[in-house]
Amino acid sequence: MSLEERPRPESVSGVSGTAHAASENQKKMLEGYRRSFTFGSIDAHKEGSRFWIKDKGPIVESYIGFIESYRDPFGSRGEFEGFVAVVNKAMSERFAELVSAAEVLLPELPWPRDFEKDTFLKPDFTSLDVLTFAGSGVPAGINIPNYDDIRQSEGFKNVSLGNVLAVAYATQKEKLTFLEEDDKDAYIKWMGPSFEMQVGLHELLGHGSGKLLVQDDQGQFNFDQNTLINPVTGEKVTSWYRGNETWDSRFSTIASSYEECRAECVGLYLCLNKLALSIFGHEGQDAEDVVYINWLSMVRAGLLGLEFYTSESSSWRQAHMQASFVILRVLLEAGEGLVRLEEVAGADGRPDARVTLDRTKIRTVGKSAIQRFLCKLQVLKATADVAGGRALYDGYSAVTDSGPHNFLRLRDTVLLRKEDRKMLVQANTRLQGEAVELVEYEGSAAGLIHSFTERFQEDAEQLEADLLELSKRDSPCWCH
Ligand SMILES: [Zn+2]
C-alpha cells in the first residue's frame, strides 16, 4: 500500500484492502492500517495487528507502522517502518522434515527422558526472505507486534529473516579474519549449508527442547519429586519452578544469553547426527565438511564476539555473541588440541590472532565436551537452579587477562581487525505489464545509491548527493 497518495477518508473505504489482499483476514488487516494512517489512530493499528497475527503462514508477509522504539531515548515512541518478505520454501520444507523427525532426534540429546517435554511443542518459527525492509536498520529477526496487551492474550509472530542473516555471514576471503588459508576456502564453500542447518537445529530442536520442572499453584508436580535424580549431581532433585515462576523471571539478566547458548549447543551436538545431516541433504565427505565448518564458525564467532564485550563495565551487550564466547571457552577447556587460539603478528606487523580446530577430534573430544556442558545447561534450567546456573554461565562468560589466554588483549585485536560495517543493498520491483520483475543491484556503495534513486525517482538527485556524502562516513548499521 502506497502512503504517498494519502486518500481522503470518505472516498476509499476498503479499496486498498480489496485490491491487494490474499484473504478476507488480510483485507481487515489492511483496513485497520488504512484507518490508522488516515486518522492517526493507534487503536486502529492495534486492530490491524490483531488480524495480522491471525494471518498465519502467508506466502507474502508484511507489516507497517510505527513499530520499534530503540531509537527513541525515552524508549517509547515508535519509528516508522514497513517491510515485505516472502517465505523461503526450500528452507521451510527442510525445517518441516526436521520437526517430523523430532521424536527420533530429541532422545539423542544428552539429558534423561524426564528432563524432556512430554510432547514436543514446535516453536513458532518461519524463515522469510526480505524483499524490502524500509527503516533505519534491517533486523535479522522480528518478534511482533509490540503491543504487550495483544502479545499476552492474542499472540505474536516470530520470524527469522533468512537472507539478512545470510548477508551477515557471507563474506570474501580477505575478510575472513583469524582463520588459516586452507580453512578460508572450506569456509566459503560450506558456510551457507552449515549455517542453514545450525539455524534449523537451533530454532526448532534447540529452543523447542527441554522441560521445566514445575509445581503448580494447586501443589501438583509435572514430575515425580520423590524419585527424580539430577543426572549432574547424582542426587535427588531439590529445586523447581513454583506457581507463576518462569524461566525469564528466575534467570532474569542471564536468561536470554543462556538460552541462546543452550540452543547453539543443541545445533552443534545434533549436526553430528546422521539423520539430521541427511534431512539437510548432506552425506559422506560433504557431511563431514558441513560439520567441520559449523564447529569452526562457532569458535571463530566466539572470538569475534569479544567485540560485543565492554571491558569498562565487564558486561556483554549481545546475547548470541556472549553465547558463542561461552562455547569457545568450553571447547578450549576440553583441551587435547581440539581448539587452538593463538596471538600472532599479522603481515602488517600489528597484532593478529589465529583460531584452528582439529577436525579429527570433533566427534570425540568436542562431542563429549558439548554433551557434558549441554546436559548441565538443561538440568540447571529445568530445576530452576539460579545460583548454579549463574555460577556456570558467568564463569564461562568472564573475559580476563589471566589463564592460558589473554582475552582482554584478544579483544583489542578483534577490535583492531574489525571489518567495516556491511552495507545492505535492497532490491526493487517493477511491473512489466502484469508481471512483477525483480531488480537487483551490485553490493557496493554505487549499488546502494542506485537502488535508492530508482526507488524514489522524484527525489533521485537530492538522494544521490546525500548518499554520496554519507558513504564517505561510516556506513549505516544493518543489525539490531
Ligand atoms: Zn535463538
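Please read these numbers as outputs of a predicted model, since none were measured by experiment. Numbering of ligands and ligand atoms starts at 1, following listing order. FYI, the numbering just counts along the sequence from 1.
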Face-on cation placement of R94 at F280 ring, 6.0 Å and 45° thresholds: no

Neighbour count >12 (heavy atoms, 6.0 Å) for atom CZ, R340: no

Any residue meeting side chain to side chain contact (heavy atoms under 4.5 Å, CB included) with D148, in chain and number order, not counting sequence neighbours: R151

Could you tabulate the donor-acceptor pairs under 3.5 Å formed by side-chain atoms of residues 199-213, not counting sequence neighbours?
unit_1, atom_1, unit_2, atom_2, d
H202, ND1, E264, OE1, 3.0
H202, NE2, H207, NE2, 3.0
H202, NE2, E260, OE1, 2.9
H207, ND1, E259, OE2, 2.9
H207, NE2, E260, OE1, 3.3
S209, OG, L205, O, 2.7
S209, OG, G206, O, 3.0
S209, OG, R262, NH1, 3.4
K211, NZ, N222, O, 2.7

Tally, protein N/O/S atoms nearer to the Zn ion (ligand 1) than 2.8 Å: 3

Qualifying residues under side chain to side chain contact (heavy atoms under 4.5 Å, CB included), relative to E180, sequence neighbours excluded: D183, R354, T356

Geometric class of the H45/Y147 ring pair [parallel <30°, tilted 30-60°, perpendicular >60°]: perpendicular

